[in-house]
Amino acid sequence: MQTITKNQPPVFDKPKVELHVHLDGAIKPETILYYGERRGIPLPANTVEKLQEIIGMDKPLSLPEFLAKFDYYMPAIAGDREAIKRVAYEFVEMKAKEGVVYVEVRYSPHLLANSKVEPIPWNQAEGDLTPDEVVSLVSKGLQEGERDFNIKVRSILCCMRHMPNWSPEVVELCKKYRHQTVVAIDLAGDETIEDSSLFTGHVQAYEEAVKSGIHRTVHAGEVGPPKVVQQAVDVLHAERIGHGYHTLEDPTLYNKLLKEDMHFEVCPWSSYLTGAWKPDTQHAVIRFKDDKANYSLNTDDPLIFKSTIDTDYRMVKTKMGLTEEEFMRLNINAAKSSFLPDNEKKELLDLLYKAYQIPQSTSRESE
């Protein structure tokens, strides 16, 4: 399957909302090379083209093979204050160029730190950059990008399934920085770790999030069974599900979530390359479309998938029959399911209704 196209007009040339994209999976290769050289950190290539070839994916790999891609380049960025702020700023520029008017970008503060984190990630030497300061730096970079590129950006802090001891600090950072771009908590990582949604650290962090009014999303049902989605909803009180494709294997659960208007953060091109979706089966997005489910289209990790948001729109238009009308519907649903406060959500919806030329009376009736 080949959907990547260069220098073609976008298939949906209207304002878009993106809710599921990882900051550490959306770094410019030029920036990785710059900091690798400046910091004396070896990289597997010294040109943009070769680096993209090694980091990038063109055909499906297993989830562990995909996750191993981060090992190549994260040491060049993690632990460096300037690099982290720059990556956040450049991310906003990237999304503005793609016609995204609102984006929620997620990351693990601990995976960018080199101090007060156990274990220190990416084989870094211990330094003095804490997870707390990482959030401050990313937030500043995002805010400067917002100012310069006229796009609204918020951030989501990730707990990691294999590191439940980090999660209590993650929720505290969500609370501390809730007025500096942070809008929610997420649980990411390897969902095949048996019952990792039930690990004490994660459960406590999500209980604290509920108590403190912090919004909640969870990666679930991407490669894992419906049970992981059930746990995300019942135990972690998730308001949105990251991916969620395998929810369809449990019709009772799926119909319940459909009735509750649960939002699924769909990443089509990602689902092909990570093997979360097998091309000889019907993609979950077709079922979501047919059932008028609440979902969005997202890039996930565009650096590794060598993609832009247009890659995902092009894929579902050409291979799955999604129409311009459906693109407008799913973006309005994404705005409604965003973690913005109500007044800002209304502003975003008004912007979309105007751009899509949807009369306000019609839009209100459909809510």
Side-chain angles (χ1 to χ4, degrees), residues 21-46 48 51 54-55 67-94 105-145 153 155-182 185-190 201-202 205 301 303-304:
V21 53
H22 293 263
L23 183 63
D24 51 0
I27 303 172
K28 287 167 68 174
E30 295 88 343
T31 303
I32 295 167
L33 288 172
Y34 174 79
Y35 285 104
E37 187 179 346
R38 182 168 142 171
R39 299 175 70 196
I41 292 169
L43 290 165
N46 58 7
V48 166
L51 189 65
I54 293 165
I55 293 173
L67 293 171
K69 298 283 187 180
F70 292 87
D71 297 335
Y72 285 124
Y73 67 88
M74 282 298 285
I77 303 297
D80 188 287
R81 289 173 172 82
E82 183 188 296
I84 289 165
K85 187 179 170 192
R86 175 168 158 180
V87 160
Y89 179 82
E90 289 178 345
F91 170 82
V92 186
E93 180 181 26
M94 186 191 310
V105 62
R106 61 189 70 194
Y107 65 97
S108 161
H110 295 76
L111 289 179
L112 287 165
N114 61 13
S115 172
K116 295 189 180 171
V117 53
E118 178 61 45
I120 296 173
W122 319 113
N123 296 315
Q124 297 177 89
E126 187 167 1
D128 60 359
L129 182 59
T130 63
D132 188 315
E133 194 184 350
V134 165
V135 181
S136 174
L137 288 162
V138 171
S139 295
K140 282 176 187 154
L142 295 178
Q143 286 170 326
E144 288 176 19
V153 189
S155 61
I156 295 173
L157 304 186
C158 296
C159 305
M160 301 305 296
R161 286 188 176 273
H162 68 296
M163 295 303 299
N165 56 311
W166 292 352
S167 295
E169 185 179 11
V170 174
V171 74
E172 292 306 315
L173 292 173
C174 288
K175 287 156 65 175
K176 180 174 178 178
Y177 290 97
R178 70 196 306 170
H179 300 300
Q180 293 170 62
T181 83
V182 178
I185 192 169
D186 178 33
L187 179 58
D190 185 358
H202 303 324
D301 295 281
L303 165 66
I304 295 173

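In terms of modelled atom types and a separation under 3.5 Å, the side chain of N114 and the main chain of D128 share a donor-acceptor contact. Remark: side-chain polar atoms of H202 are not paired, donor with acceptor, to backbone N or O of S167 under 3.5 angstrom.
Put simply, CD1 on I77 and CG on L111 are 13.5 Å apart, with the number rounded to the nearest 0.5 Å. Atom CD1 of I185 is separated from atom CD of E172 by 9.5 Å, given to the nearest 0.5 angstrom. In this structure, H110 NE2 and M160 CE are separated by 11.0 Å, a value rounded to the nearest 0.5 Å. Taking OG of S108 as the reference point, atom CD1 of I156 lies at 13.5 Å (rounded to 0.5 Å). For the atom pair OG (S155) and CG (D186), the distance works out to 11.5 Å, reported to the nearest 0.5 Å. Atoms OG and NZ, from S136 and K176 in turn, are 8.0 Å apart once rounded to the nearest 0.5 Å.
Using a 4.5 Å heavy-atom cutoff, the side chains of V48 and E30 are in contact. Contact check for V21 versus F91: side-chain heavy atoms found under the 4.5 Å cut-off. Two residues are said to be in side-chain contact when any heavy atoms from C-beta on lie closer than 4.5 Å; W166 and P131 fail this criterion. Between V134 and I84 there is a side-chain heavy-atom pair separated by less than 4.5 Å. L129 has its side chain within reach of R81: a pair of non-hydrogen atoms, C-beta onward, lies under 4.5 Å apart. The closest side-chain heavy-atom distance from I304 to I55 is below 4.5 Å. Put simply, the side chain of L173 does not reach to within 4.5 Å of the side chain of V170, judged on heavy atoms. Contact check for V92 versus L142: side-chain heavy atoms found under the 4.5 Å cut-off.
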Would you check, one step at a time, whether the test side chain to side chain contact (heavy atoms under 4.5 Å, CB included) holds for F70 with D301?
CA-CA 10 Å; F70 292 87; D301 295 281; 3.6 Å; yes
Taking it one step at a time, do T31 and V87 satisfy side chain to side chain contact (heavy atoms under 4.5 Å, CB included)?
CA-CA 8 Å; T31 303; V87 160; 4.2 Å; yes
Carefully, step by step, assess M74 and L112 under the rule side chain to side chain contact (heavy atoms under 4.5 Å, CB included).
CA-CA 8 Å; M74 282 298 285; L112 287 165; 3.7 Å; yes
Run the numbers on V138 and V135 for side chain to side chain contact (heavy atoms under 4.5 Å, CB included), then give the verdict.
CA-CA 5 Å; V138 171; V135 181; 5.9 Å; no
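Checked options L51, I32, I41; the residue passing with Y73 is I32 (criterion: side-chain contact (heavy atoms from CB on, under 4.5 Å)).
A search for ring pair (Phe, Tyr, Trp, His ring centres under 6.0 Å) contacts involving H22 returns H20, H219, not counting sequence neighbours. Applying the salt bridge (charged side-chain N to carboxylate O under 4.0 Å, His left out) rule to R86 yields the partners E90; only residues at least two apart in sequence or on another chain are considered. Qualifying side chain to side chain donor-acceptor pair (under 3.5 Å) partners for Q124, counting only residues two or more places apart in sequence or in other chains: none. With sequence neighbours left out, D24 forms a salt bridge (charged side-chain N to carboxylate O under 4.0 Å, His left out) with no residue at all. In terms of the side chain to side chain donor-acceptor pair (under 3.5 Å) criterion, Y72 has no residue partners (sequence neighbours excluded).
Atom CD of E93 has more than 12 heavy atoms from other residues, nucleotides or ligands within 6.0 Å.
In terms of heavy-atom proximity, E82 sits nearest to R38 at OE2-NH1, 2.9 Å. Considering every non-hydrogen atom in both M94 and A26, the closest pair reads CE-O, 3.1 Å. Residues A205 and V171 share a closest heavy-atom pair of O-CG2, 3.4 Å. When all heavy atoms are compared, the tightest approach of L137 to K85 is O-CG, 3.7 Å. The heavy-atom pair separating P109 from C158 by the smallest distance is CD-O, 4.1 Å. In this structure, I54 and P44 approach most closely via the heavy-atom pair CD1-O, 3.4 Å.
The pair K116-E169 fails the salt-bridge criterion, with no side-chain N (NZ, NE, NH1 or NH2) lying under 4.0 Å from an Asp/Glu carboxylate O.
Sequence neighbours left out, not one pair with a member in residues 118-140 passes ring-ring contact (aromatic ring centres under 6.0 Å, His included).
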